[in-house]
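What you see below is based on every heavy atom in this structure, not just the backbone, and it leaves out hydrogens, waters and symmetry mates. Per chain, numbering begins at 1; letters A, B, ... match sequence-line order.
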Amino acid sequence: MDRIPILRMGAFLLVTIQVDLYDRLALTLESDLVQMVNKTGAKGVLIDISAVSIVDSFMGRIIGNIASMSRILDAATVVVGMQPAVAITLIELGLPLKGVHTALDMEKGMNLLKSMIHIPQEDDDQDLTTDDSIAE
Amino acid sequence: MLQKKKKSILELWMKNQLSDEGLREDLISNEELRSQSDELVTALVGNLSAENFSDLNSDEWSPVIEILGGIAITRARQGFSPRETGNFVFSLKEALLQVLQDEIKTDPMMLFQESMKISRIMDNLSVVTFETFIKGREEVILRQTDEITEISTPVIRVWTGILALPIIGTLDSARTQVVMENLLQEIVETGSSIAILDISGVPAVDSLVAQHLIKTVSATRLMGAECIISGIRPEIAQTVVHLGIDLSNIITKATLASALAYAFQVMRLEVRKVNSIQK
């Protein structure tokens with residue numbers, strides 16, 4: 001069965017989705033990722049969805065779920081590279097993905113994660129002052 | 001009978017048309033007019049028969065109606081007035097009647113009957129022409145509306161990484177869609193992290209417009225950029241609060257300048273005055 005690879009890079013986990021997600025694949029990814037976060041004690045998860053061109057409400061929910069689960073496990077989730085059409089679809093579906101951090105591309109997402117992880121004790125201040133792409 | 005007289009009908013019609021004071025030589029040349037007229041008369045005369053005289057829906061008439069429709073639509077696009085288009089058909093009727101009169105001089109009864117028939121047909125044809133003409137005009141209007149929506153949502157690169165989108169005019173769902181698409185596309189292309197939505201040109205903000213604005217802001221956030229709404233006039237602030245719309249999780253600024261200042265602050269940029277101009 002297909003699996004989406006989860007790469008470890010320092011304190012972060014990298015997930016690059018290169019194929020169009022179908023429901024089973026997404027569910028597998030969800031469980032794999034949570035297992036991986038638990039095993040490696042990762043502080044941040046970076047999900048690149050720049051190759052995903054189609055989403056439905058289920059996919060939106062899965063992405064939201066992954067973010068919430070990672071947060072419970074003390075890892076921040078950043079979704080990067082969302083396509084305009086995907087963003088519009090999610091909004092029209094009424095899924096603004098509150099609580100998910102977003103960035104334009106991999107590089108910006110990485111910087112965002114680093115800024116969140118480096119000074120964990122100031123995480124809350126960070127949210128309010130410098131990092132405004134984070135939803136309150 | 002009319003078949004034989006085709007030539008004279010055409011000549012007479014052309015004469016009528018050319019003698020008309022309202023002839024628009026600036027819009028259509030004589031040759032073009034003649035070829036149009038010729039085509040129409042040929043089709044008309046060719047398809048006339050005793051049986052289909054009264055029934056305009058029969059198949060024999062479809063080529064005539066097609067030609068007329070084509071002429072009407074071209075005229076609508078070229079900017080002819082309705083009167084000029086109407087006269088085009090009515091002058092043909094006049095020519096037909098005149099030829100008929102010359103032909104049947106002796107029998108007033110028959111002349112009357114034939115005139116009635118011609119009259120009825122030409123009236124029907126002019127109604128068709130008008131319908132098509134108006135349809136053509138509506139198409140023109142529709143196209144213009146589309147063009148206006150397209151050009152009225154420019155996305156401006158104010159600074160590297162900062163986009164501005166001034167919205168002028170009312171925001172409805174269709175427009176929001178265009179605005180959103182343009183903005184998101186531009187964010188991807190330029191890799192901008194801040195977008196400023198300036199609504200100083202929006203005459204009124206009701207709950208629907210606010211809903212659209214919130215949607216745009218959320219979509220921008222999903223893309224990984226930040227959206228600032230600027231240009232909120234005091235009246236708009238009043239209405240928004242009275243309507244109970246919650247804009248608290250959206251960054252709002254009064255002017256485009258303050259929004260830009262905020263954007264600079266976020267991007268850790270600084271604009272300052274230089275003491276002396278270095279040459």
Side-chain angles (χ1 to χ4, degrees), chain A residues 46-53 55 57 59-64 66-67 76-113 115-116 125-136, chain B residues 153 155 160-163 165 173-197 210-229 246-253 259 261-269:
Chain A
L46 201 76
I47 306 175
D48 174 30
I49 56 165
S50 53
V52 176
S53 51
V55 285
S57 54
M59 282 312 309
R61 205 165 57 96
I62 291 284
I63 294 173
I66 290 176
T77 305
V78 177
V79 173
V80 302
M82 191 181 290
Q83 297 283 328
V86 173
I88 293 174
T89 313
L90 285 179
I91 293 302
E92 294 296 337
L93 288 171
L95 293 165
L97 297 187
K98 291 215 156 82
V100 179
H101 306 244
T102 50
L104 268 177
D105 50 36
M106 206 56 151
E107 194 186 342
K108 286 186 175 131
M110 210 39 131
N111 287 339
L112 179 64
L113 265 185
S115 70
M116 283 191 289
D125 296 349
Q126 201 83 16
D127 274 8
L128 293 174
T129 51
T130 55
D131 248 325
D132 291 287
S133 55
I134 298 166
E136 268 83 28
Chain B
T153 52
V155 183
T160 323
I162 303 174
L163 293 178
L165 203 155
S173 347
R175 189 116 186 268
T176 317
Q177 195 74 22
V178 177
V179 166
M180 216 194 275
E181 272 167 25
N182 284 353
L183 181 62
L184 298 194
Q185 198 57 48
E186 201 66 20
I187 286 175
V188 171
E189 271 165 29
T190 59
S192 305
S193 50
I194 291 176
I196 303 170
L197 216 59
Q211 182 68 33
H212 289 146
L213 285 175
I214 291 171
K215 265 189 189 173
T216 313
V217 173
S218 316
T220 323
R221 194 190 72 79
L222 274 185
M223 296 280 305
E226 195 177 340
C227 196
I228 308 166
I229 295 184
D246 184 22
L247 290 182
S248 58
N249 42 14
I250 294 175
I251 306 154
T252 50
K253 298 282 167 201
Y262 174 81
F264 281 155
Q265 193 194 323
V266 170
M267 297 185 76
R268 298 190 183 86
L269 291 171

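Note that OG1 of B:Thr176 is 13.0 Å distant from CD1 of A:Ile91, once rounded to the nearest 0.5 Å. In this structure, CG on A:Leu90 lies 11.5 Å from CE on B:Met223, to the nearest 0.5 angstrom. Rounding to the nearest 0.5 angstrom, the gap separating the CG atom in B:Leu222 from the CG atom in A:Leu97 is 5.0 Å. Separation of atoms CD (B:Glu226) and OG1 (A:Thr102) is listed at 10.0 Å; rounding is to 0.5 Å.
In terms of the salt bridge (charged side-chain N to carboxylate O under 4.0 Å, His left out) criterion, B:Lys253 has no residue partners (sequence neighbours excluded). Applying the side chain to side chain donor-acceptor pair (under 3.5 Å) test to A:Thr89 and every residue at least two apart in sequence or in another chain returns nothing.
Only the backbone of A:Leu95 has a heavy atom closer than 4.5 Å to any heavy atom of chain B.
Annotation for A:Glu107: atom CD does not count as buried by contact number, only 12 or fewer foreign heavy atoms lying within 6.0 Å.
Between the side chain of A:Lys108 and the main chain of B:Gly191, a donor-acceptor pair closer than 3.5 Å is present.
Against chain B, the residues from residues 76-86 of chain A that qualify, each with a non-hydrogen atom under 4.5 angstrom away, are A:Met82, A:Gln83, A:Pro84 in number order. For residues 210-218 of chain B, the interface with chain A (any heavy-atom pair closer than 4.5 Å) comprises B:Lys215, B:Ser218, sorted by residue number.
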